[in-house]
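Please read the structure below before turning to the comments.
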Amino acid sequence: MDIMHADSDITFNNRIEHFLIRWGYRRGEHRVAPGLYAIGNPGRDSPVFVTANYRLSFDALRAALKGIDGYVLVLDTFGINVWCAAGKGTFGTEELIRRIEATGLAGVVSHKKLILPQLGAPGVRAPEVTKRTGFRIEYGPVRADDLPAYLKTGKATPGMRRVRFPLWDRIVLIPVELVGFALPAIVLAIVAFLGPGWLAALGLVTAVLGGTVLFPALLPYLPTKDYSTKGLLLGILLSLPYAVYQLATGLPGDWKTYASTLMFLLAMPPVTAYLALNFTGATPFPSRTGVRKEIYTYIPVIAGMAALGALMAVVLTAVKILEMI
Amino acid sequence: MMFNSYRQNTLELYPDRCIGCGMCANVCPHAVFTIGDRQPANLLASRRVASLANKEACMECGACQMNCPVAAIRVQSGVGCAAAMIKAALTGGPEVCGEGGCCGSGEGGNTSCCGPAK
């Protein structure tokens, strides 16, 4: 089978595609042709790296291999990144074995070692791959950036083995979160505008931005371990200015002043909390057991608050319409 | 601590079977395992043995179970993704990710979002 060629240069066009990917443009279609690639001028002793056929995964690997001669074996993961594909099993034992055989890798290199990204491990049974193909699997570091250091010593330090979720890794996820919830947010904001008024619409937009922009950025700084309670606290914080504004500008003693104050306090936090809970899947920490527990614990609270907040909005809207007539 | 749903998980380690190869410690992204000397020493078992140094940090990705050569680890691996789980609960379907899910749509077939299919 043919060996394709790739280099370590990230071109302007690559960067444009990376940008589009971050905004969720044509999700799942940013694929690299699976197969064997030569980077630099590899020989029979050169290392073999395995990755997914997702544009961002492939580019991160080849950029990290600048100045290194080697082969890259790209598995067909349907355009999904290494970790998620490993979870699905598409970055997995069967596909790896199939790809080793289809590319005739054993005839290309003289050694029997494959370097896999550590985060591919949830999909791959290393002992089985060795048994069936003769290739030994070495799990490299979590991040491709650490590969040069790893190749020098042949060992990943504990730091290279740990998944971290620093600010920049969280920030790059914001656009896709925003795009994902833009449509329901706009529809609900229009409903809120036609209902209680423009301030309610603004409150809703604030709560959505809280869950999609502020939440990812502030994740480690928000108190409590649970995502839902982190989101609730953030939502309450965001609703306070609206509540105070209602109390300060409404007629004192008028029930409508208190109803609209309550509307903001009850409706905004569950929106942010729900978006926060949704963000669990984009982060590298929560277990399924824990997320399930969170859903059972907090979905009733979130739904209850949202229902009461919506009730306030309906009552205030009804009164507004009656007053107009 | 209150408001922590992550204190328990399904990770189990069987030290009797462990051969101390260290593969679990290699693949774990959250440093859940440490490899140390077996206490008390047992002539019939390996000198080195894995132990759970930080079980609470486990995210049930399943990497350790998949790569343990002697099946000394068990964990119910799966998706730690509320979006997929809520959708599955509402539709009665499997936990899969689609558009807007945590890892995008794919043609992975009947498998779950960020965890191996059951």
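Protein chains get the first letters and strands the later ones, always in sequence-line order, with residue 1 at the start of each.
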B:Arg74 atom CZ, over 12 foreign heavy atoms within 6.0 Å: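 No - once you tally the heavy atoms of other residues, nucleotides and ligands closer than 6.0 Å, there are 12 at most.
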
Are more than 12 heavy atoms, taken from residues, nucleotides or ligands other than B:Glu56, located less than 6.0 Å from that residue's CD atom?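 More than 12 within 6.0 Å, yes.
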
Does A:Glu95 pair with A:Arg98 as a salt bridge, N-O distance under 4.0 Å?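 Answer for the salt bridge query: yes.
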
Any salt bridge between A:Arg26 and A:Glu17, counting N to O under 4.0 Å?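 No salt bridge links A:Arg26 with A:Glu17.
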
Is it true that the side chains of B:Glu60 and A:Thr289 contain a donor and an acceptor less than 3.5 Å apart?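 There is such a pair between these side chains.
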
Under a 3.5 Å threshold, yes or no: a donor from one side chain and an acceptor from the other, between A:Ser228 and A:Glu294?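 Side chains of A:Ser228 and A:Glu294: pair found under 3.5 Å.
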
Choice from B:Asn26, B:Ile86, B:Val75, B:Leu11 maximising heavy atom contacts with chain A below 4.5 Å: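 If we count pairs closer than 4.5 Å to chain A, B:Asn26 comes out on top.
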
Choice from B:Cys64, B:Cys58, B:Ala82 maximising heavy atom contacts with chain A below 4.5 Å: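 Among the listed options, the one with the most contacts to chain A is B:Ala82.
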
Tell me, for [X] versus chain B, whether the close heavy atoms (under 4.5 Å) come from the side chain, the backbone, both or neither.
X	value
A:Leu173	neither
A:Ala156	neither
A:Tyr298	side chain
A:Phe285	both
A:Leu277	both
A:Phe279	neither

Give the member of A:Val124, A:Ile299, A:Val176 that has the highest number of heavy-atom pairs under 4.5 Å with chain B.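 Option with the top pair count is A:Val124.
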
Which of the residues A:Gln118, A:Lys293, A:Glu29 is involved in the greatest number of heavy-atom pairs with chain B at under 4.5 angstrom?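 Of the candidates given, the most pairs with chain B belong to A:Gln118.
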
Who passes side-chain contact (heavy atoms from CB on, under 4.5 Å) against B:Cys28, sequence neighbours left out?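 Listed in chain order: B:His30, B:Val32, B:Phe33.
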
